[in-house]
Amino acid sequence: MELHYIDAFITVFQSILFTHIVNYCLEQEKLKENKKLILCIVLLSLNGFFITYLFGNSSLCIFVTHALSILIIHFTFRKNVLNSIVAYNLIYSIVIIWISIFSNVLYGILGDFLIYDIDTLNITLVYISQIFLFVLCLVFRNKIRQIYRLLLDESNSVKYIIIISFFPDFLISLYNISYDIEPVLSRNIIVIALIAFIIFNIIDFRKIKKNSDEIHKLNRTLTSKNIELKNIKDNYNLNISSLYELCDMNMYQEASNLLKRIINTYQNSGNVYEKDAEGSSLLSLATKHVLAENIKVIVCDNANFMLTTINEMDLYRIIINIVNNAVKAMKNRGTIIAESYQELNNIVVNIANDGERIPDNMINKIFDSGFTTKNNNNKNHGYGLSIVRELIEKHNGKIKVESSEQMTKFTIVLPVNTDM
């Protein structure tokens with residue numbers, strides 16, 4: 001009879017612990033009505049008493065008690081049902097795992113060595129260990145709340161916490177079955193339920209794996225799109241630079257034409273420049289905007305730029321940037337010669353003009369960021385050629401310049417893509 005009183009005491013103590021931890025985890029949303037908290041403790045205690053009375057100490061008692069306790073928590077904490085169920089199943093799992101270790105595993109192991117003092121061992125492991133656990137849970141309740149918060153951060157936490165919380169129940173049931181202390185009917189029900197539990201989890205985790213793979217695939221696509229957006233951003237920066245230089249030379253009509261072509265390019269084919277009717281080669285397109293009464297343009301485009309790794313839009317911006325710098329040096333009069341050809345495993349582009357000679361003390365600096373031959377009072381010049389060099393070197397190419405009284409020539413060398 002004394003053990004029955006101890007059982008009742010432990011059941012009440014468990015109910016107090018469960019209610020307190022659940023309410024503590026809810027923090028600002030916790031119940032402040034003591035009547036409801038006391039009612040929850042009473043219902044949980046009665047649940048433990050009557051289920052044990054009806055089913056005895058069988059494994060079915062564990063499952064039924066667990067399920068009814070979830071319903072009691074549900075009706076007690078109606079304003080925050082999902083979070084309260086997560087908190088309850090967390091503390092329940094901690095308690096049931098502790099009980100399974102001390103009340104079953106160690107009891108079964110040590111019982112063989114203490115046959116003459118089995119009652120003392122039972123009381124020590126089953127009851128005193130639970131009281132010790134209750135004290136630990138109250139002392140470290142803040143740690144339990146931290147785990148609770150972590151669980152809430154996961155999607156579908158309520159569903160999986162409830163599922164996982166039944167796993168210790170199955171462990172205790174298997175222990176009872178292994179020691180042949182479970183009725184045949186109860187044993188069969190538990191085995192069938194365990195098989196269904198395993199099958200359900202396998203199917204469910206397969207769905208999780210499938211969703212995880214889809215998310216991983218979407219992340220890869222998102223990364224690719226981010227890179228594409230970065231390239232578009234860089235392209236727009238170069239476009240703006242070209243438009244600025246045209247406006248800086250008061251060539252507003254040419255700037256307008258370039259802007260229209262840029263808009264058509266992005267609307268029609270992304271990174272591939274749309275060829276117009278007046279010129280079918282890339283060099284023709286990149287030099288067309290500089291046509292003026294006193295400027296002659298000679299184009300000889302014989303290279304296949306598709307053999308390189310650089311796309312046509314980037315190459316177009318490189319050429320137009322060099323041409324714009326040439327126009328400034330020519331002061332709107334003279335001749336520009338643009339040619340391209342393949343030489344062994346390289347594509348070569350030459351852009352020459354008969355404008356002013358670049359001084360020897362400047363020719364090695366013109367590709368430096370911020371350098372300009374102009375006064376640069378507005379601090380907006382000198383970045384075009386440095387970007388040109390970066391783009392070319394990005395594709396393992398080279399650019400050089402030579403200047404004399406008769407001619408200034410930029411030479412671009414791009415390696416042929418051998419992987420094609």
Side-chain angles (χ1 to χ4, degrees), residues 1-25 37-38 40-70 72-73 76 85-114 117-145 147-148 161 164-176 178-179 181-182:
M1 290 296 294
E2 292 180 356
L3 290 179
H4 291 296
Y5 290 117
I6 297 176
D7 280 333
F9 172 76
I10 293 296
T11 301
V12 173
F13 213 134
Q14 282 181 354
S15 301
I16 295 173
L17 176 68
F18 291 156
T19 305
H20 174 73
I21 293 296
V22 170
N23 203 41
Y24 179 77
C25 287
L37 295 175
I38 294 173
C40 182
I41 294 171
V42 172
L43 291 176
L44 289 174
S45 301
L46 292 175
N47 179 40
F49 294 146
F50 284 107
I51 298 302
T52 303
Y53 177 78
L54 293 174
F55 294 94
N57 290 321
S58 67
S59 298
L60 287 178
C61 175
I62 299 173
F63 289 98
V64 175
T65 302
H66 186 182
L68 290 177
S69 296
I70 292 176
I72 293 170
I73 294 296
T76 303
I85 291 177
V86 171
Y88 170 76
N89 281 284
L90 173 61
I91 185 61
Y92 175 83
S93 298
I94 294 173
V95 171
I96 204 71
I97 290 173
W98 181 280
I99 293 174
S100 66
I101 292 174
F102 283 91
S103 301
N104 295 318
V105 178
L106 292 181
Y107 181 82
I109 295 173
L110 298 178
D112 296 334
F113 300 96
L114 298 170
D117 201 12
I118 194 70
D119 292 334
T120 302
L121 177 65
N122 183 29
I123 294 173
T124 302
L125 293 179
V126 176
Y127 299 114
I128 296 180
S129 65
Q130 287 189 55
I131 295 174
F132 180 66
L133 171 64
F134 299 156
V135 174
L136 287 178
C137 289
L138 293 174
V139 172
F140 295 100
R141 57 185 178 175
N142 191 48
K143 299 294 182 182
I144 296 175
R145 185 162 64 184
I147 299 173
Y148 158 81
I161 286 298
I164 293 172
S165 68
F166 278 96
F167 184 71
D169 298 345
F170 281 108
L171 290 179
I172 295 178
S173 300
L174 291 175
Y175 169 84
N176 293 338
S178 66
Y179 278 86
I181 56 177
E182 195 73 34

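Nearest approach of Tyr148 to Cys25, heavy atoms of both residues: CE2-O, 3.1 Å. Counting all heavy atoms, side chain and backbone alike, Cys137 lies closest to Leu17 at CB-CD1, 3.8 Å. Contact detail for Leu133 and Val95: the closest heavy-atom pair is CD2-CA, 3.7 Å. The minimum heavy-atom distance linking Gly48 with Thr11 is given by the pair CA-CG2, 4.1 Å.
The closest side-chain heavy-atom distance from Phe18 to Phe13 is not below 4.5 Å. Considering only heavy atoms from C-beta on, Phe49 comes within 4.5 Å of Val12 through its side chain. Within the 4.5 Å cutoff, no side-chain heavy atoms of Leu44 are placed close to those of Gln14. You'll find the side chain of Phe140 stays beyond 4.5 Å of the side chain of Arg145, heavy atoms only. Looking only at side-chain heavy atoms (C-beta outward), Phe9 and Ile131 come within less than 4.5 Å of each other. The closest side-chain heavy-atom distance from His66 to Asn89 is below 4.5 Å. Taking 4.5 Å as the limit, every side-chain heavy atom of Thr19 sits out of range of all side-chain heavy atoms of Tyr88. Side-chain contact between Phe134 and Ile16: absent, with no pair of heavy atoms (C-beta onward) separated by less than 4.5 Å.
Between the side chains of Ser69 and Asn47, at least one donor N or O lies within less than 3.5 Å of an accepting N or O.
Rounding to the nearest 0.5 angstrom, the gap separating the CG atom in Leu46 from the CD1 atom in Ile41 is 12.0 Å. Expressed to the nearest 0.5 Å, how far CG of Leu37 lies from CG of Asn23 amounts to 5.0 Å. Separation of atoms CG (Leu43) and OG1 (Thr76) is listed at 6.0 Å; rounding is to 0.5 Å. The OG atom of Ser93 lies 11.0 Å from the CD1 atom of Ile147; values are rounded to the nearest 0.5 Å. Distance check: Ile73 CD1 to Ile91 CD1 gives 11.0 Å after rounding to the nearest 0.5 Å.
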Just do the side-chain contact (heavy atoms from CB on, under 4.5 Å) check on Ile144 and Tyr24 with the steps written out, would you?
-> CA-CA 10 Å; Ile144 296 175; Tyr24 179 77; over 6 Å; no
